[in-house]
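Report on the following structure.
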Protein chains: 2
Amino acid sequence: MTDLEILKKALDLFNEKGYAHVGMRELARELDISPGNLTYYFKKKEDVLAALLNQFSTLNTHTLESYLQLEPTNANFLQLMRNIFDNQFRFRGVYVGNQFFPVAVVEKKIFDYQSVVTKRKAIYQEIFSSLRKAGQLDLDDQDISFLVSFITLFGRFWITEATLFNKSPNKDEVIQHYLFLLARQLSLFSTEAGIKSIEEYRIKNRG
Amino acid sequence: MTDLEILKKALDLFNEKGYAHVGMRELARELDISPGNLTYYFKKKEDVLAALLNQFSTLNTHTLESYLQLEPTNANFLQLMRNIFDNQFRFRGVYVGNQFFPVAVVEKKIFDYQSVVTKRKAIYQEIFSSLRKAGQLDLDDQDISFLVSFITLFGRFWITEATLFNKSPNKDEVIQHYLFLLARQLSLFSTEAGIKSIEEYRIKNRG
DNA sequence: GTCTATACAAGGATAGAC
DNA sequence: GTCTATCCTTGTATAGAC
């Protein structure tokens, strides 16, 4: 038995039933080990959560880094957001499944979520600045901070809305829907070149 | 002891600690009654939740109804949203505290949340149509459905974002912040008259 | 009708045997 | 590294006092 095997099964169960509704005994049973043995690998249920949040955060960091290698275009940005949305969908059980996050997360004891959010905001600020410089978006500084606020909230909670009544909706369908909304918002601030780039993205992702 | 007293105290505790982190024994202790006595009034914890959700939903319905008596202007609309935001803040412990709602809510057994959401969407559709007809907003039909999607997500999850790291933030501050974002979004679709109305609202709510 | 006392099941967590 | 046994908290149900 390895940590990774346990985390894989745990994520499956969390995605299916929600973090709060999966017990350590149940997880152990699904892994064919005893509850006591499970706690040899993860002392507390929250440790399982923290490990998954770390996986998720690392994955997002990689996704963002590979975007930063590319040309700053609206099309590439939308592709980035699709990839991020994909990650969120994969980890929805830990990402949305928590009531409030356990106190331990809020108090940064097991995972410093707050600092992740701060860093992400700074990156989005950067991204929108580059898109402006590249002539894709027509923005003043206030518009940038508005778009950062928008993307922070929208980009975090679309998956919560999507899974509110159905924990496993059709992935491609929901991502398509929310990406469409995002593209529309982006187009409100786009230059002609930016609009063209959005159109290109649309065409490419239909064929 | 009355139902209302219990619900008041329960909401206080839920706002402070989150629904999942308040036990029936704790609630009873705070009310100076025995746990068994509490279950005389509310058989299950979920029944407390359902009662609060009903209070909240009724409050929102009244808030919306009194808006519908007024002139359709952006200023009145923003005032409506401020009132709604106020309600959400008051009930944040039951509104946010459950990202997935308990199974009983999702399955409509104790509270038909899904039908509330559907009705609210229809009302917002109406509201934006009137604002278009009144010359406040410049919209085609696609814009309307975009704005409805926007307001549904934004109007539901701002409070979740606001309470993510701090369960009791300064109410006026956070509402001001999110209302400002909403006004900005609205202004992207506003006519000159609409912009003026937003400005009027801003001036009125500073003095 | 209102309340207390108590019991039980389920789940997180821990100690210690092998 | 794996397991059993045990403890504690919490949701829930019920018997019965007043």
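Below, read A as the first sequence line, B as the second, and so on, with proteins coming before strands; counting in each chain starts at 1. A quick note: this is a predicted structure, and the numbers were derived from the prediction, not measured.
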Residue pairs meeting side chain to side chain donor-acceptor pair (under 3.5 Å), one or both in residues 33-42 of chain B, sequence neighbours left out, come to none
Protein-nucleotide distance ([X], atom [atom1]; [N], atom [atom2]), rounded to Å:
X	N	atom1	atom2	result
B:Phe42	D:dT12	CZ	P	14 Å
A:Leu27	C:dA13	CG	P	12 Å
B:Lys43	D:dT14	NZ	P	9 Å
A:Arg29	D:dT4	CZ	P	14 Å
A:Met24	D:dT9	CE	C1'	16 Å
B:Glu46	D:dT12	CD	C1'	11 Å
B:Lys45	D:dT9	NZ	P	16 Å

If the condition is side chain to side chain donor-acceptor pair (under 3.5 Å), which residues does B:Gln114 pass it with, not counting sequence neighbours?
none
B:Asp32: what forms a salt bridge (charged side-chain N to carboxylate O under 4.0 Å, His left out) with it, not counting sequence neighbours?
none
Salt bridge (charged side-chain N to carboxylate O under 4.0 Å, His left out) with A:Lys171: which residues, sequence neighbours excluded?
A:Asp86
Once the angle between the rings of B:Tyr113 and A:Phe165 is folded into 0 to 90°, is it parallel (under 30°), tilted (30 to 60°) or perpendicular (over 60°)?
tilted
With the criterion being N/O to N/O and under 3.5 Å, what pairs connect the protein with nucleotides 2-6 of chain C, and how long is each?
unit_1 : atom_1 : unit_2  : atom_2 : d
C:dT2  : OP2    : B:Tyr40 : OH     : 2.5
C:dC3  : OP2    : B:Asn37 : OD1    : 3.4
C:dC3  : OP2    : B:Asn37 : ND2    : 3.3
C:dC3  : OP2    : B:Tyr41 : OH     : 2.5
C:dC3  : O5'    : B:Asn37 : ND2    : 2.9
C:dT4  : OP2    : B:Ser34 : N      : 3.1
C:dT4  : OP2    : B:Ser34 : OG     : 2.7

Ignoring backbone atoms, establish whether A:Lys44 has a side-chain N or O less than 4.0 Å from OP1 or OP2 of C:dG12.
no
Taking ring pair (Phe, Tyr, Trp, His ring centres under 6.0 Å) as the definition, give me every residue that meets it alongside A:Phe146, ordered by chain and number, with sequence neighbours left out.
none
Sugar-phosphate, base or nothing in reach of B:Val48, heavy atoms under 4.0 Å
nothing
